[in-house]
Amino acid sequence: MSLIGEKNFKMKMRDVETAFKYRRFPYPKRSVELIALLAISCTFFLFMHTNKLNSRLKEMEMKLQPSEFSALGLTGNNHLDGPKHDDINTLHGTYQYLKSTGQLHDLTTEKLNNTPNAEVDLIFFNRVPKVGSQTMMELLKMLGKRNGFHPVRDKPGNTETIMLADDFEQNLVEEILEAKRPGTYSKHVAYIDFEDLDYPEPIYINLVRNPVERIISWFYYIRAPWYIAERKKMFPNLYQLPSAQWLKKDFSECVLKGDPECTFLANERKGLGDHRRQMLFFCGQDSETCMPFDNYEAMQRAKHHVETKYAVVGSWEDTNVTLTVLENYIPRYFSGAAHEYYKAENRLHKTNRNSFRPPVTDEARRVLSRNLTHEIEFYHFCKQRLYKQYIAVYLDHNAKSAQPLDIF
């Protein structure tokens, strides 16, 4: 090789080495655009599939909650705060308490079922606001087609009349009893004692939710843009658009600064607009006893009605437990409830749900909890009764099975 040729060869090798070292390969402009487009496409593809996978995992988490009942196929998803297993307010804790006190021997679905006490083939769902009652009504529609009954609800109004004057109460009872049978009637209204009014009693059902979560949910629910637009469309002359200042309120600040909207005083007889009273929907139409907020007497009467009148008081915080109890205690209406629920789960979860809800501080939750003593006690009472009904299903299963399950 000549001296000049050798020099040219060394220069080319040096250029190649430099190119690899700094990765500066020249690409045509269109190639760069193509690579950028491919990168964006891959990123979008991964985002969509990751989002879809996340949704599927959440669905599976709901359906496959691990618990002591998993071998029976009756799983219970306990409270989101993750209570300890020995907590009496959990499914397992309730079972251990009943076992340690010898009460398991007397626990049967027959003793805990008020459904046979009904005198008409009709369910009355006096639904509590912000507990997932829209989801229950959608489920009743699906089950109506499956099980052959007629689901009915009252006509929506600009305001809900929770406490009724005597003549309105009687008119509503007659309207309910005139509904097609078998059927269901749903309405936001405080408990009505049909027997006390000398009318035949229906099957009572309802739902409850953690009182703190209910109040937070309502606070942001009425500030949701879609809710405001819907109310204005339905009642253009009655619904007044809220101010920007009211819309921008933060719940934690509202509680901690003592804003009247977020102040909850015991025995207060303030109006019903903010839906702070859950016990009221079980206490009844006696305003003297039931209207005072977080009142002991109201709580005791509400507990009595739940225990003696209601067939089932469930909670979507324990979805599988609630569906199982409904299927076993009111089979005429709720046969196949779990199947129908999970078949339409995505659609049901979108019903009346506010996806935008800023986080609430622990301090605000603690302050709020201190002002909801009896409301929280009543809520736990309802959940423990639901757990007892569920455990009774398990015990009855073991009593009838050739191979009893020891799953505790």
Side-chain angles (χ1 to χ4, degrees), residues 61-115 131 205-213 278-279 282 299-300 302-308 310-330 337-338 365-366 369 372-408:
E61 183 182 2
M62 171 73 79
K63 295 179 186 179
L64 302 177
Q65 287 282 349
S67 79
E68 296 74 15
F69 289 94
S70 58
L72 188 59
L74 309 176
T75 54
N77 40 332
N78 288 329
H79 194 267
L80 298 176
D81 290 339
K84 298 178 181 178
H85 279 295
D86 57 356
D87 184 352
I88 186 63
N89 296 319
T90 66
L91 177 61
H92 185 270
T94 300
Y95 176 84
Q96 293 298 339
Y97 173 78
L98 294 172
K99 184 178 180 181
S100 65
T101 56
Q103 296 181 53
L104 280 181
H105 301 293
D106 299 323
L107 207 62
T108 65
T109 54
E110 185 179 0
K111 290 181 179 179
L112 292 169
N113 193 2
N114 289 327
T115 303
V131 298
I205 68 166
N206 217 323
L207 297 166
V208 291
R209 183 180 181 183
N210 184 301
V212 173
E213 295 303 318
Q278 185 163 236
M279 294 189 304
F282 301 88
M299 177 187 69
Q300 292 299 97
K303 284 182 178 181
H304 175 73
H305 289 154
V306 168
E307 196 158 38
T308 61
Y310 281 83
V312 177
V313 176
S315 173
W316 293 131
E317 296 160 339
D318 290 276
T319 301
N320 296 322
V321 172
T322 295
L323 293 172
T324 299
V325 171
L326 287 168
E327 286 185 341
N328 283 274
Y329 286 74
I330 320 176
R365 289 176 183 276
R366 283 193 292 271
S369 296
L372 299 171
T373 307
H374 296 308
E375 287 281 349
I376 292 173
E377 181 180 336
F378 171 73
Y379 158 75
H380 285 310
F381 170 85
C382 293
K383 294 289 287 290
Q384 287 167 10
R385 178 176 183 262
L386 179 69
Y387 294 152
K388 286 168 67 176
Q389 289 179 312
Y390 184 74
I391 293 167
V393 172
Y394 152 73
L395 294 175
D396 283 359
H397 170 89
N398 271 5
K400 298 172 184 177
S401 174
Q403 296 180 331
L405 297 173
D406 185 14
I407 54 179
F408 288 94

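Annotation for Y97 and T101: closest pair O-OG1, 2.8 Å, computed over non-hydrogen atoms. In terms of heavy-atom proximity, A392 sits nearest to L112 at CB-CD1, 4.0 Å. Considering every non-hydrogen atom in both R385 and N114, the closest pair reads NH2-ND2, 3.3 Å.
How far CD1 of I88 is from CD of Q384: 5.0 Å, rounded to the nearest 0.5 Å. One finds the CZ atom of R209 at 7.0 Å from the CD atom of E317 (value rounded to the nearest 0.5 Å). The distance from atom CG of D318 to atom CG of L323, rounded to the nearest 0.5 Å, is 10.5 Å. With rounding to the nearest 0.5 angstrom, the CD atom of Q389 is 11.5 Å from the OG1 atom of T324. With rounding to the nearest 0.5 Å, the separation of CG in L207 from SG in C382 is 10.5 Å. Atom NE2 of H305 and atom CE of M279 lie 13.0 Å apart (nearest 0.5 Å).
Put simply, the side chain of Q278 never gets that close to the backbone of P211: no donor and acceptor are under 3.5 Å apart. Using modelled atom types, no side-chain atom of T109 and backbone atom of V393 make a donor-acceptor pair closer than 3.5 Å.
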In sequence, state the C-alpha distance, the side-chain angles, and the governing distance for T115 and V312, and then conclude on side chain to side chain contact (heavy atoms under 4.5 Å, CB included). CA-CA 9 Å; T115 303; V312 177; 5.9 Å; no
Would Q96 and H92 count as a side-chain hydrogen bond (donor to acceptor under 3.5 Å, both in side chains) if you check the C-alpha gap in whole Å, the side-chain angles of each, and the deciding distance to 0.1 Å? CA-CA 6 Å; Q96 293 298 339; H92 185 270; 3.2 Å; yes
After noting the C-alpha distance and the side-chain angles of L395 and T108, does the key distance pass the side chain to side chain contact (heavy atoms under 4.5 Å, CB included) rule? CA-CA 7 Å; L395 294 175; T108 65; over 6 Å; no
Quick one: do L372 and Y379 satisfy side chain to side chain contact (heavy atoms under 4.5 Å, CB included)? Show the steps, please. CA-CA 10 Å; L372 299 171; Y379 158 75; over 6 Å; no
Stepwise, does the side chain to side chain contact (heavy atoms under 4.5 Å, CB included) test hold for L98 with Y387? CA-CA 11 Å; L98 294 172; Y387 294 152; over 6 Å; no
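Ring geometry for Y394 against Y95 counts as perpendicular: the plane angle is over 60°, on a 0 to 90° scale with 30° as the lower cut.
Taking 4.5 Å as the limit, every side-chain heavy atom of K383 sits out of range of all side-chain heavy atoms of N89. Side-chain contact between L104 and I391: present, with at least one pair of heavy atoms (C-beta onward) separated by less than 4.5 Å.
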